[in-house]
Asks: 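I have a structure I would like to understand better, so I am pasting it below and will then ask my questions one at a time.
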Amino acid sequence: MQYLVHHFLDQACREFPRKTALIHGRERLRYLDVQKAADGLARRLLELGLKKGDRVGIYLEKSVEEVISVFAVSKAGGVFVILNSALKPDQVAYIMGQSGMRCLVTGPLTYGHLPPALRRKPEFVLALEGGKIRTVIGSRAKRTKDIPFPKDLTGNDLASIIYTSGSTGFPKGVMLTHHNVCLAAHSGAKHLRNESGDVLMGVLPLSFDYGLFQLTSAFKMTGTLVLKKFISAEDLLETARREKVDGIAGIPTILIPLAESRALNKIALRHLRYITNSGGKLPVKYFRKLRKALPRVKIFSMYGFTEAFRAAYLEPEELDRRPESIGKAVPNARIYVLDANGKECGPGQTGELVQAGPLVSRGYWKNPEATAAKIKQNPLHNDYDDPVCYSGDFVKKDKDGFLYFIGRKDQMLKCSGYRVSPDEIEAILHRHPQIRSAAASGIPDERLGHRIRVAAVLKSGASLKPEDLLAYCRRAMPSYMVPSEIRILDKLPLTAHGKINRALLAAGKVS
Amino acid sequence: MSESPVIFKVKKFFKKDPEFRFPATVRENTSLVQAGVFDSFSVIKLVTFLEKEFKIRIKPEDLLEENFSTLKQIEKLVLRKQKKK
């Protein structure tokens with residue numbers, strides 16, 4: 001069984017070396033080609049002195065090079081940290097520093113987005129173009145040739161750190177082991193009933209747990225991953241038709257335009273077998289629209305959180321009966337609904353979703369306090385070490401054991417599938433020289449999950465206009481975090497305890 | 001090489017708005033999606049600009065990546081739409 005991330009590539013390449021592994025626009029790479037490029041890059045990383053467990057940033061747009069880098073870092077024994085190309089320099093700088101990134105793999109175009117100070121931050125930088133290493137910058141290390149690939153890696157070694165918004169104003173890095181990533185792919189193949197040679201749509205970013213899961217799932221089935229950046233529903237559907245896609249994994253931001261598109265009835269998707277939704281709730285009416293337009297296609301409602309990689313899914317057959325449900329635990333996961341005392345809730349009783357099993361991550365990189373608050377010993381027994389992960393999501397179970405999402409325990413928001421903390425937005429706003437204080441709140445939005453509303457108080461004498469602040473946000477924040485509404489106020493509304501009253505702001509009851 | 005008026009205007013539009021990231025390395029045939037110039041959030045803004053600036057109508061069916069993949073392709077789309085009127 002594959003227990004290291006790159007085993008999926010190795011195995012597929014052994015079985016079907018000439019099968020198409022990746023499609024990106026006009027580019028087509030066979031498993032053989034991906035393997036050769038990944039081996040070459042892994043060897044180069046080792047020659048430059050990469051050691052087991054070193055963090056390697058991957059900062060590329062969606063591309064075959066990004067996929068090659070993931071497998072290369074895994075082969076070389078490194079830990080890949082995929083930087084979403086939507087991130088702005090400040091976030092990239094933070095992640096570089098917090099992860100102790102030793103090496104950065106990038107491309108000429110993404111590299112161009114980085115300010116010069118950041119380009120010199122990692123010890124060495126490799127730029128890829130056309131699947132090959134173009135340039136190596138910054139390494140004065142002596143090159144040692146022919147270093148063998150590490151042979152002592154185990155499934156418990158870290159494969160990746162995925163950064164997700166944190167409540168302290170800074171992102172937190174979720175540590176995923178090779179086991180976490182590999183077992184999720186095995187689990188997914190089972191419950192999504194993937195078939196050998198499946199063509200999957202890779203429209204979600206690899207920096208997103210569910211996006212990475214598409215890659216490992218496709219390679220596990222010696223299938224093909226179609227890399228596609230989401231531009232429009234029409235473009236996605238046309239690509240699905242042209243490339244004979246079997247499965248599309250989406251989030252509401254993608255699936256709502258898809259369900260609403262006139263092209264859905266016009267473009268014949270003969271091969272499409274399933275669509276999955278994750279990263280936020282898809283309102284029932286859109287499930288219905290998709291079911292109506294694509295009656296043969298199975299639609300899965302998925303639920304997961306990065307700290308436990310994948311968690312629950314709803315069988316398509318149940319969708320009509322329990323459209324609001326997030327289903328039951330995926331294979332190889334166990335889900336409890338626990339009350340504040342750590343006791344299991346009965347049917348209909350609201351509690352926190354807590355996950356046990358080997359998909360549970362190792363917690364947060366270099367953050368033992370946050371890890372201890374998230375991952376604890378199973379409160380239901382003390383017989384052996386059984387770490388469980390507290391999701392922070394309130395849910396309830398019905399009498400048949402199906403789960404329903406109720407809300408968040410904290411103030412965390414979901415924007416276009418990304419977890420966003422109001423604290424992180426506020427921290428960025430506070431860096432603006434004219435702002436005295438600011439508050440961000442989320443307004444529920446079908447398509448985006450949440451829209452961001454910002455209220456700011458200016459320093460005396462400042463004359464900042466909302467549109468200037470918006471321009472600042474666009475420069476400083478990834479697009480999914482940019483507020484849709486900005487108000488300049490004289491003072492922020494406070495709660496009785498003197499904290500900022502975000503609920504009042506979200507309700508729009510301030511002027 | 002001199003730029004066509006369409007490319008000149010589109011480039012100016014990209015450079016002016018902070019929502020688009022326009023690296024200096026972008027040439028006429030550089031993939032704009034690969035360069036991260038726009039995504040599904042900002043493509044609508046680009047379409048609105050093109051419709052207003054060049055007095056054309058861009059239909060949902062035209063929202064294919066190939067039509068917006070490079071500056072050159074955007075120019076082709078604009079010229080094709082202008083001819084149709």
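Keep in mind that the numbers below use all heavy atoms, side chains included, and drop hydrogens, waters and symmetry copies. Each chain gets a letter, A, B and so on, in the order its sequence line appears, and its residues count up from 1.
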Asks: What would the table of donor-acceptor pairs between chain A and chain B look like if you include every N and O pair under 3.5 Å, whether backbone or side chain?
Replies:
from, atom 1, to, atom 2, distance (Å)
A/His24, NE2, B/Gln34, NE2, 3.4
A/Lys62, O, B/Gln34, NE2, 2.7
A/Ser85, O, B/Arg21, NH2, 2.3
A/Leu87, O, B/Arg21, NH1, 3.3
A/His113, NE2, B/Ala35, O, 2.9
A/Lys228, NZ, B/Glu65, OE1, 2.6
A/Phe230, O, B/Ser40, N, 3.3
A/Ser232, OG, B/Leu63, O, 2.4
A/Asp235, OD1, B/Glu65, N, 2.8
A/Arg474, NE, B/Glu19, OE1, 3.0
A/Arg474, NH2, B/Glu19, OE1, 3.3
A/Ser479, OG, B/Asp39, OD2, 3.4

Asks: Quick check on A/Ala263 against chain B: is it the side chain, the backbone, both or neither that has a heavy atom closer than 4.5 Å?
Replies: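 No part of it gets close to chain B.
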Asks: Under the rule for side-chain hydrogen bond (donor to acceptor under 3.5 Å, both in side chains), what residues qualify as partners of A/Asn277, not counting sequence neighbours?
Replies: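 Listed in chain order: nothing, the list is empty.
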Asks: Quick check on A/Tyr94: does its OH atom have over 12 non-hydrogen neighbours (other residues, nucleotides or ligands) under 6.0 Å away?
Replies: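 Atom OH in A/Tyr94 is packed in, count exceeds 12.
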Asks: Chain B heavy atoms under 4.5 Å from A/Ala86: which part of the residue, side chain, backbone, both or neither?
Replies: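 Only the backbone of A/Ala86 comes within 4.5 Å of chain B.
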Asks: Which region of A/Leu448, side chain (C-beta onward) or backbone (N, CA, C, O), has a non-hydrogen atom less than 4.5 Å from a non-hydrogen atom of chain B, or is it both or neither?
Replies: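 For A/Leu448, the contact with chain B is made by the side chain alone.
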Asks: How close do A/Ile231 and B/Val33 get, heavy atom to heavy atom, and via which atoms?
Replies: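 Where A/Ile231 meets B/Val33 most closely, the heavy atoms are CD1-CG2, 4.0 Å.
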Asks: Once rounded to the nearest 0.5 Å, what's the spacing between atom CG of A/Leu109 and atom CG of B/Leu32?
Replies: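 Interatomic distance, A/Leu109 CG to B/Leu32 CG, rounded to 0.5 Å: 9.5 Å.
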Asks: Heavy-atom distances under 4.5 Å only: say whether B/Phe22 touches chain A with side chain, backbone, both or neither.
Replies: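 Neither part.
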